[in-house]
Student: 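Have a look at this one.
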Amino acid sequence: MIRRLYDGAIACMVFGIWIAQVVSPKARRWIAGRCQWRSRVLVPPPERQPVLWMHVASLGEFEQGRPLLEALRRRYPSAWIVLSFFSPSGYEVRKNYVIVDNICYLPADTRRQAHDFIHRIQPDLAVFVKYDFWANHLFALRQRGTPILLVSALFRAGQPFFQPWGGLWRQMLRCFSHIFTQDAASVERLRRIGLSDKASAVGDTRVDRVAQLANEHSALERPLLSVDVVAGSTWPADEELLLSALHHPASSHLCWVIAPHEPSERCVRRLTARIRRSWARYSEWDGQTPVAVMVIDSVGLLARLYRYGRIAYIGGGFGRGIHNTLEPAAYGLPLLFGPKYERFEEARQFVRRGGAFPVRTSEELLERIRQLQQPDAYARASAAVRQFIAENQGATERILQWIEATLAERIPL
């Protein structure tokens, strides 16, 4: 009965996206990417072994899984690697990622499409990143006997897995051969529903990724000049705070970078119309003219932008929750963000260690920036975030060891 209700919910979701494509470009891309998907999902050549499949929701989860993908390519150079996305925003940015052999959309999670997708790629191992897993795909993998991993998982008490009515969700978790979590609290929650024997707390693979990025010294094509505050993934509520602060006389000497979460023409125009200091769009900047405010009007640059800043402001803290704090932390930037950060373990850690500071008003933002202009205060905050990054690396290697042992038992390589 519950399975049929789930199937009905999937059908309603797909129908809703079909309707939404009338007004939503993202919905149109979601539908277009799945039209005739069988022709886009390549059958692995017989000589390419093993067949490894990783699924991610979008760009953030891709970056989370990327260290493991690249480690798998190094360990298994003849492997056939499939990477699937749920969201168009992730697929469009990474559709030409050269490490893998086939990049595609995950078909809608109907029983037939899940069966056909799994039958077509015939994976020797399936890896889901963080949370984006689907019942019919999981059940098809389990029926086939494929080892299934969940990596960088993070569980909270209010999730369906831990509710009296969450039987289907618990069935989904039991499909996994092993679950690698970000923290010990998640393992404890899994223990309460009888799953601790297949769970390990190894940390977040994103830490390995951001540390890798920081060590690669990957510069922008047009490097930024001296930047005091890099504000990343900002929403309108964050921009209200930032605009009030950057227009205050006390911050007249500061240089700012603002990277909207949605850098569409509409959002960029809305933001720049309110800036009363010298500003430029990064896409139009000549690379030399000093400006007080640089507005980032394209995607894919944020992780490298933090290299040029001294302080990071992370957007989302006045809405559903803050965005990636690990990327700026890898460069040792003290962190500022709005009050809604409690769901994010790394943010709580940064606050406890004295490397991050929640703010509610532009006055609080300016005061924290003023404090961080003091060399001793800045050094303490920077050391705190760097120490967290140093202590939490290594999840990728521990997951890779499990994969190597599992595949060695199944496939003669």
Student: Does a side-chain N-to-carboxylate-O contact under 4.0 Å join Glu188 and Arg192?
Tutor: yes

Student: What distance separates Arg66 CZ from Gln212 CD, expressed to the nearest 0.5 Å?
Tutor: 7.0 Å

Student: Evaluate the criterion side chain to side chain contact (heavy atoms under 4.5 Å, CB included) for residue pair Ser89 and Lys26; output intermediate values, then yes/no.
Tutor: CA-CA 8 Å; Ser89 57; Lys26 187 172 184 179; 4.1 Å; yes

Student: What I'd like to find out is whether the side chain of Leu243 reaches to under 4.5 Å of the side chain of Ile275, using heavy atoms alone.
Tutor: yes

Student: Taking atom CG of Leu326 and atom CZ of Phe344, what is their separation to the nearest 0.5 Å?
Tutor: 11.5 Å

Student: Is there a ring pair (Phe, Tyr, Trp, His ring centres under 6.0 Å) between Phe337 and Tyr313 once you walk through the steps?
Tutor: CA-CA 6 Å; Phe337 39 72; Tyr313 176 92; 8.2 Å; no

Student: Do we get Arg34 above Phe86's six-membered ring, with its NZ or CZ under 6.0 Å from the centre and within 45° of the axis?
Tutor: yes

Student: So, for Phe128 and Trp53, is the gap between ring centers shorter than 6.0 Å?
Tutor: yes

Student: If you measure from CG on Leu138 to CG on Leu173, what distance do you get to the nearest 0.5 Å?
Tutor: 9.0 Å

Student: Starting at CD1 of Ile121, measure out to OG of Ser84 and round the result to the nearest 0.5 Å.
Tutor: 7.0 Å

Student: Is the positively charged end of Arg310 above the ring of Tyr378, judged by distance under 6.0 angstrom from the centroid and angle within 45° of the axis?
Tutor: yes

Student: Would you say Glu63 and Arg206 make side-chain contact, with heavy atoms under 4.5 Å?
Tutor: no

Student: Flag the pair Glu92 / Leu59 as yes when at least one side-chain heavy-atom distance between them is below 4.5 Å, and no otherwise.
Tutor: no

Student: Strictly by modelled atom types, are Ser283 and Ser298 linked by a side-chain donor-acceptor pair under 3.5 Å?
Tutor: no

Student: Could you verify whether a donor N or O on one side chain and an acceptor N or O on the other, from Glu61 and Tyr131, lie under 3.5 Å apart?
Tutor: yes

Student: Distance to the ring centre below 6.0 angstrom and angle to the axis at most 45 degrees; does that hold for Arg222 and Tyr282?
Tutor: yes

Student: Do Asp124 and Val51 touch side chain to side chain, with heavy atoms closer than 4.5 Å?
Tutor: yes

Student: State, with a plain yes or no, whether a side-chain heavy atom of His55 is found less than 4.5 Å away from one of Trp134.
Tutor: yes

Student: Is there a side-chain contact between Val151 and Thr396 in this structure, where contact means two heavy atoms from C-beta onward sitting under 4.5 Å apart?
Tutor: no

Student: Examine Trp169 together with Phe162 and report whether their ring centres are nearer than 6.0 Å.
Tutor: no

Student: State whether Arg274 and Glu239 are salt-bridged, where the test is any N-O pair (Lys NZ or Arg NE/NH1/NH2 against Asp/Glu carboxylate O) under 4.0 Å.
Tutor: no

Student: For a quick check under 3.5 Å, do Ser200 and His178 share a side-chain donor-acceptor pair by atom type?
Tutor: yes

Student: Could you measure the distance from the CZ atom of Arg40 to the CH2 atom of Trp37? Nearest 0.5 Å is fine.
Tutor: 11.5 Å

Student: Quick one: which of Asn324, Asp204, Asp208, Thr205 gives a side chain to side chain donor-acceptor pair (under 3.5 Å) with Gln64?
Tutor: Asp204

Student: Within a strict 4.5 Å, meaning less than it, do heavy atoms of the Tyr76 and Ile81 side chains meet?
Tutor: no

Student: Can you check whether Val299 reaches Pro263 side chain to side chain, under 4.5 Å on heavy atoms?
Tutor: yes

Student: Between the side chains of Gln349 and Arg353, does any donor sit under 3.5 Å from an acceptor?
Tutor: yes

Student: Keeping Lys130 on the side-chain end and Val56 on the backbone end, is there a donor-acceptor pair under 3.5 Å?
Tutor: no

Student: In terms of relative ring orientation, are Phe62 and Phe85 parallel, tilted or perpendicular, with 30° and 60° separating the classes?
Tutor: tilted

Student: Does a donor on one side chain sit under 3.5 Å from an acceptor on the other, for Ser244 and Ser362?
Tutor: yes

